[in-house]
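Every chain is numbered from 1, with letters handed out A, B, ... down the list of sequences. No experiment lies behind these values; they were computed from the predicted model shown.
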Amino acid sequence: MAIKPQEKVAPRGAQKHRVGHLDRSRGWFRHHIEVALQALVRLTVTPVATLMTLAVLAIALALPGFLFTVVNNIQQFSIGWDTNPRIMLYLNTEVEDARAEQLSLELMLHGGLSGVELIDRDQGLREFSSYSEFAGMLSLLDSNPLPAVILVLPADHQAAALQQLQAELQSIPEVSEAVLDLEWIQRLNAYLLMAERFSWVLSGLLALAVLLVVGNTIRMTLESRRDEILVAKLVGATDAWVRRPFLYSGFWYGLIGSLFAFVLVQVSLYLITGPANQLAQLYSSNFVLQGLDLTSGLILIATGTGLGVLGGFLSTGRHLRAIEPS
Amino acid sequence: MAIKPQEKVAPRGAQKHRVGHLDRSRGWFRHHIEVALQALVRLTVTPVATLMTLAVLAIALALPGFLFTVVNNIQQFSIGWDTNPRIMLYLNTEVEDARAEQLSLELMLHGGLSGVELIDRDQGLREFSSYSEFAGMLSLLDSNPLPAVILVLPADHQAAALQQLQAELQSIPEVSEAVLDLEWIQRLNAYLLMAERFSWVLSGLLALAVLLVVGNTIRMTLESRRDEILVAKLVGATDAWVRRPFLYSGFWYGLIGSLFAFVLVQVSLYLITGPANQLAQLYSSNFVLQGLDLTSGLILIATGTGLGVLGGFLSTGRHLRAIEPS
Amino acid sequence: MAAIRFSNVGKRYEGGFDALTGVDFTLESGEMAFLTGHSGAGKSTLLKLIMLMERASRGQVQVGDQDLNSLSRRNIPQHRRRIGVVFQNHHLLFDRTVFDNVALPLQIAGYDPSDAARRVRAALDKVGLLMREKQNPIALSSGEQQRVGIARAIVNKPAVLLADEPTGNLDPELSEGVMRLFEQFNRIGTTVLIASHDISLIERMRRRTLVLRGGRLVADGY
Amino acid sequence: MAAIRFSNVGKRYEGGFDALTGVDFTLESGEMAFLTGHSGAGKSTLLKLIMLMERASRGQVQVGDQDLNSLSRRNIPQHRRRIGVVFQNHHLLFDRTVFDNVALPLQIAGYDPSDAARRVRAALDKVGLLMREKQNPIALSSGEQQRVGIARAIVNKPAVLLADEPTGNLDPELSEGVMRLFEQFNRIGTTVLIASHDISLIERMRRRTLVLRGGRLVADGY
Ligand SMILES: Nc1ncnc2c1ncn2[C@@H]1O[C@H](COP(=O)(O)OP(=O)(O)OP(=O)(O)O)[C@@H](O)[C@H]1O
Ligand SMILES: Nc1ncnc2c1ncn2[C@@H]1O[C@H](COP(=O)(O)OP(=O)(O)OP(=O)(O)O)[C@@H](O)[C@H]1O
Ligand SMILES: [Mg+2]
Ligand SMILES: [Mg+2]
C-alpha cells in the first residue's frame, strides 16, 4: 500500500489528450447509448420504487387511453344510429300504397334530398309495435290506423335550409304533415356537448398528471443523486452532460409506463366487454366493443414517451442549475 | 475561537438527566405536535415538488370522488325513473271510463300490489304523444284509438310471483291483456352491471394509485433524507422516532391532497352542470346534478388521509430498517 | 469496572477481508486511551464495533456490563445513547443550524427543550462556536465543522466518548485545545477512546496507547 | 507565465462575513506552494475561488491567461477540466466502484474507454490502490478514500493541481508519500497548491508557503 512516486512519467505536453472529429462523434453516439442503458439499469436497481412509479404512470396514461377508446366506441355506436336530421312526411290516410311508392320515387330525384325511404302502412305498424311501450295496444285495434310515412334525409343540414325544405315538402298535396325531426339532433348535440366537456376536463387533468408524475419522480431522483451531480460538476461536467441521464430516465418511464398503460386499457376493456355487449344486444344494435387499435396504441405510446421526456426536461432545468458545488 | 477547557463542570452523577413519568407523556405529546408541524413546514420548503405531488394526489383522489358523485347522481336519476317491475293492464276498448276507475279502486285492495295507477284513454293519448317518435301521427286520427290502461306495481318482485300475478290479472274480464314489463328490468340490470364492473375496475386502479403516489413520494423523501436518518440512528434514535416524520408527511399529503381533490370534484361537476341539466331537461326529468355532500366530502377526506398515512407506513417499514450506519 | 472489553475479537468484512484479528484489551471505566496505527489498520472498524455499526465476526465486545453480541436490534438505540462519538467525516446535517445539529441527540432522548437549549449552548461554548449557533454548518470551515461534531458528541454527557481522528482538520493549537477538552471530560469520569494519526500529539499527551497494525493489536502501553 | 494570480481579492460571504481580504499573490506556472493558516483562516475559500465554486467579491482572480471574473457560467466546465482538486471531505461517490470514481473526469471529458481505463489504472497504481479498483469506496478506510480522491485529481493530468488538506486522514508515512507524488507531478510541469495544517510536514518540504490569518495573507516565503 505504499505510494510509488519514483515511477517514470513522460513529459505532459507530448501526452496531452487530443480527441479527433470522427472520434468525437463516435464517442458522442457511444456516450448516448451508454447513458440510455445506464438509465435503464438504474431503474432496476430500486425495483419496488420503479414499479410503483411505473404503475402510477400506467394508470395515469391508461385513463386517457381508456377515454379515447370509449369515445371511439361511442362514435361507432352513433354511426349505427341515424345522426342526420330527417323529415318525416306523413301522407294522408287515403293515399294508396302505389301512389305513396310513386311519390317516394319522385322525391328521389329532388336535388335537396340525400335519401328517401318509404315506410308503408303495414311496415309502420310493425315498426311501431317494436318501438313503443304501448306495444300491446295496437293489436287491439281492428284496422291499421297508421298512415304511410316517407322519411327523407335533407342534403343541407343548416337550420334555415331545413325549414325551407320542410315548407316545400309540406306543400305536396299528398303530404298531410311534414315533421322536421329536430329534437333528435338537439338531443344528440346535448349528448355530444356533455361528452366533449367531460373529455376536456378529464384529459386536461390526466395530461397534467402524467407530466407531474414523471417530473416529480425525476426531480426526486435528482435530489437523491445530488452528490453525484455536485462531483460531476466539480470535475468539469457541462449542464447538458449532467442533464442527459435524467432525460433518458424520463424517456424510459414514459415508454415503459405507456406500454403498461396499453396492456391496462386492453385488460379493462376486456373486463367490461361482457356487460357492454349484453347492453348493446338489448338495443339490438350490431355494436361490438373494440379495444385500442394499432394506430391508437402507437399514439398512446408516443404520447407517453413524449410526456416522459418532457417531464424530465421540465423538472431538471432550473433545478439542476441550482445544484452547484460550494 | 479558542477552546475553553478550564470551565468548571459539576460531577456527572448528580447532573444525570432523569425524565419523570408526567414529564415523559407531556414530552411525548409535545414531540408529536412538533414533528407534525415540522413535517408540514418541510412540505413548504420545496414548494414546487410538493405542489406537484399534491396535484397528482388530488387528481388520483378526485377521480374516485368524481366516480362516487356520478354513481350518486345515477341513483338519484334512477329514482326519478321507475325501477320497479310493473304490469300494464290494457283494458278492453269498450270498457267505460267509470268502470275502469272502479276497477282500479278494486285493485288497490289487492294484497299483492303495492301501487295502482289508472291511465284513462285521454291521458294515454297525451302521454303517448309526448313520448313517441311517431308524435305527429295520432293527430291525424279522427278518434282516440287507445284503450285505458291500469298500471300496477307488484309487491313481490320475484320472477315466479310476478308471472303468477300476471296470470291472475289477465283473468279479470275487463282486462284485454296484462303485459309484464320485464324488459325494463333486464335493461336496467344490464346498465347497473356495467356501471358496477366499470366502477370496480376504476376504483381498484385509483385506490392503488393513491397508495402508490404517497408511498413513492415518501420513499423518495426518505431517500433524500438518508443522511439525517443515518445520523439520527447513530446518536440513538429508535425506529419509531425515525419513522414518525414520514408518517406525518403521509398524513399531510393525504389530508391536503384530499382537500384539493374535494375542490377539484366540485369544480369539475360545476363545469358539466350546464350540459347535464340540458340533457336532463330533454328527458323532462326533474334531475338536478348534485355535488359532493358534506358526508361524502368527509368520507373522501378521511379516506385520503387514511391512505396517506398507510402509504407512509408501507413505504417506510422495510426501507428504514435498511438504512443503517456503517 | 471495565467500560470497554474486547475478548479475542475478529472482524471479517463481506468479501473476506479481515479488518481485525484477535484483538484483546480492556479499558477501565474512567480511563482515557489513544488508538493509533497506519491507514487501514482497523481503527475505525474497532470503534464501529463499539457503536454496533458493525458486529464482531468472532469474540466478544462488552460495553459496561452489556455483552454486545446478545444485544438485540431493538436495544441498540439505548446503547448508543450512552456513547458520544466524533466521526472522521463529521456527519453533520446541512439542512439545519449548528444549534439544531448539536441538539439532535437531546431531542432524540426526549429532553425538555429549555433544558436541551442550555446544554447545547454549554457544549458549543466549550468548542468556541457559541456565536455560530444560528448558522448552517455548510458555512463553516472544516475545522469548525469538526468542532460542531465534537460538541454534538459531548452534549449528552455520555458515559463513553469515542473520537475518530478528531483533530484531522484542526491546526495544532486547536488540536491541543480539543485534547484538553477530552481530558477534562475524562476527569469527571467519562471513559475516552481516541483514534488518531497525530503521533506527536499522542506522545505529548502521555496516555495509554493501543497500536493496531494490519488488524492486530501490536502494542498497548504508555 | 503566471498560472494563478490573485490581485487584491476579497470574499465576503452572504451574511457579511469576510473570509478573505486583500489577498495578493502570484503562483508561476510550474511552481509548487503550500497554503497554511488556522482553522477558518480562509484556505478552502481561496481554493474555491480558483475552482469557481465561489466568485470573488472584490479584486481579480486569474488562472492561466483567463480572468475568472469575465468567465461565463457556460465556460466553467472547460475551466474546471484544466484543474485537478483533492477535497478536504473526499467527495467520492458510493454508488460505484473505486475505478468508476477515478474514471469520472475522463468520462466527462469524453475519453475513449480503453484509453481512460489505462489512465485510471496508472493513477490508482500511483496511490497504491490498484488492487482495490473493483471495490466500493465505502469499504475503504478514510485514508484509502483520501488516496482515491487524489487519484481522481491527477488522472486527468491537469495543468493545475489543488489539494485541500490532502493528508488530514493519513498516517505520517503515507503523508510523506503523497507529498512526494505531488512533487513528482510538479516536476513535470504541473502547478501545485496545497492547503494544509501539517506544519512539520510543510517545514520538511522546504517550499514556498503562503500563510493566511483571518482572511489576510500575512506571510509568503520559504
Ligand atoms: N465495509 C467494508 N467492507 C470491506 N472492507 C472494509 C469495509 N470497511 C473497511 N474495510 C477495510 O478494512 C480495513 C480497515 O478499515 P478502517 O476504516 O478500520 O481503517 P482505519 O484504521 O480507520 O484507517 P484510516 O486511518 O485510513 O481511517 C481497510 O483496509 C478497509 O479497506
Ligand atoms: N458558505 C459560507 N457562508 C458563510 N461563511 C462561510 C462560508 N464558507 C466559509 N465561511 C466562513 O469563512 C471562513 C473561512 O472558511 P474556510 O473554509 O475558507 O476556512 P479554512 O481555512 O479552510 O479552515 P479549515 O482549516 O478549518 O478548513 C470560516 O470562518 C467560515 O465560517
Ligand atoms: Mg478510519
Ligand atoms: Mg478548509
Item to complete: Could you grab the distance from atom CG of L93(D) to atom CZ of R225(A), nearest 0.5 Å is fine?
Response: 9.5 Å

Worksheet entry | Candidates V242(A), T238(A), V235(A) - the one meeting side-chain contact (heavy atoms from CB on, under 4.5 Å) with P77(D) |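 Among V242(A), T238(A), V235(A), the one that satisfies the side-chain contact (heavy atoms from CB on, under 4.5 Å) with P77(D) is T238(A).
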
Discussion item. At a 4.5 Å cut-off on heavy atoms, which part of R244(A) comes close to chain D: side chain, backbone, both, or neither?
Written reply: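 The answer is neither part of R244(A).
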
So what's closer than 4.5 Å to chain A heavy atoms on [X]: side chain, backbone, both or neither?
X	answer
N101(D)	neither
R73(D)	side chain
F94(D)	neither
R82(D)	neither

Discussion item. Quick check on the interface: out of P113(D), G84(D), S44(D), who has the most heavy-atom pairs with chain A under 4.5 Å?
Written reply: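 With the most close heavy-atom pairs to chain A, the winner is P113(D).
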
Worksheet entry | Greatest number of heavy atom pairs closer than 4.5 Å to chain A - which of I108(D), I83(D), D95(D) |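 The residue among I108(D), I83(D), D95(D) with the greatest pair count is I108(D).
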
Worksheet item: Quick one: does L234(A)'s side chain get under 4.5 Å of R152(D)'s, heavy atoms only?
Response: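 Counting from C-beta outward, L234(A) and R152(D) never come under 4.5 Å.
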
Discussion item. Contact between Q107(D) and H31(A) at the side-chain level, heavy atoms closer than 4.5 Å - yes or no?
Written reply: no

Worksheet item: Got a sec: does the CZ of R207(D) have more than 12 other heavy atoms crowding it under 6.0 Å?
Response: yes

Item to complete: Return yes when atom CZ of R81(D) has more than 12 non-hydrogen atoms of other residues, nucleotides or ligands closer than 6.0 Å, and no otherwise.
Response: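 Result for CZ/R81(D): enclosed.
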
Discussion item. With a 3.5 Å distance limit and no angle check, can you tell me whether R80(D) reaches the backbone of A237(A) through a side-chain donor-acceptor pair?
Written reply: no

